[in-house]
Amino acid sequence: EPLKSIPCVISICIAVLTLLCLNLALYGNGLTFGNKELIPANVHGAVKAAQYTAVFIALLMEVEIPTGLYLLKRISRRYFLNTFPELNYSQFVCANALFVMMGYLFLINVFLIVIFSDNVMVIFFDFIALQFIQQLDGIAFKLARMRMLSTSMKEATTRRYF
């Protein structure tokens with residue numbers, strides 16, 4: 001899509017919103033400079049179980065990092081330009097780098113939630129909120145395919161590349 005097109009602008013806004021929310025969550029979860037918060041010790045067994053469960057689920061559900069790295073490794077510049085001469089390889093690399101960065105921000109947030117929480121419900125609610133934030137791009141893509149955002153968004157998401 002051209003940079004000034006409505007689908008491109010909406011996509012950039014969604015990516016910025018997702019990254020902003022993940023960074024705000026990162027800041028809110030304890031990653032502040034000079035912060036002297038202590039990691040809770042001797043937490044209840046249910047909290048420990050919730051912590052291990054959250055880490056396990058996060059690692060299973062995290063698809064952005066492996067997908068982005070796989071695409072960058074698997075699709076070389078030469079192959080990309082020969083197969084899709086009308087597309088821009090640097091945009092492809094940038095999109096995958098953002099994909100990987102969102103995955104790492106999500107995992108860092110999950111680990112901070114697990115480390116600093118001493119309440120089972122806080123762990124699960126924060127984890128659910130992070131999942132929603134991380135899936136904003138997928139939700140917007142599906143809404144665009146159903147023509148809920150605009151006609152140009154539907155056209156952009158139903159082209160042969162998707």
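Between F132 atom CZ and T18 atom OG1 the span is 9.0 Å, to the nearest 0.5 Å. Separation of atoms OG1 (T83) and CZ (R78) is listed at 12.0 Å; rounding is to 0.5 Å. Once rounded to the nearest 0.5 Å, the distance linking CD1 of I123 with CZ of F125 reads 12.0 Å. For the atom pair E64 CD and L98 CG, the distance stands at 11.5 Å (nearest 0.5 Å). Expressed to the nearest 0.5 Å, how far CG of N88 lies from CG of L81 amounts to 8.5 Å. The CD1 atom of I65 sits 11.5 Å away from atom CE of M101, with the distance rounded to the nearest 0.5 Å.
For residues 91-112, the pairs satisfying ring-ring contact (aromatic ring centres under 6.0 Å, His included) are F80-F92, Y89-F92, with sequence neighbours left out.
Under the 4.5 Å side-chain heavy-atom criterion for grouping Ile, Leu, Val, Met, Phe, Trp and Tyr, I75 is connected to F84 within one hydrophobic cluster. No continuous path of hydrophobic side-chain contacts links F127 to V63 [ILVMFWY only; heavy atoms under 4.5 Å]. A single hydrophobic cluster is seen to contain both M148 and L17, as judged by linkage of ILVMFWY side chains at heavy-atom distances under 4.5 Å, directly or through other members. A continuous path of ILVMFWY side-chain contacts below 4.5 Å connects I108 to I57, so both sit in one hydrophobic cluster. Under the 4.5 Å side-chain heavy-atom criterion for Ile, Leu, Val, Met, Phe, Trp and Tyr, V122 and V114 are members of distinct hydrophobic clusters.
When atom types are taken as modelled, the side chain of K154 and the backbone of R145 share a donor-acceptor pair closer than 3.5 angstrom.
Between V110 and A54, the shortest heavy-atom distance links the atoms CG1-O, 4.1 Å. For the pair L149 and A140, the tightest heavy-atom approach, listed with the atom from each and the gap, is CD1-O, 3.7 Å.
Listed by chain and number, the residues in a side-chain hydrogen bond (donor to acceptor under 3.5 Å, both in side chains) with T67 amount to none (sequence neighbours excluded).
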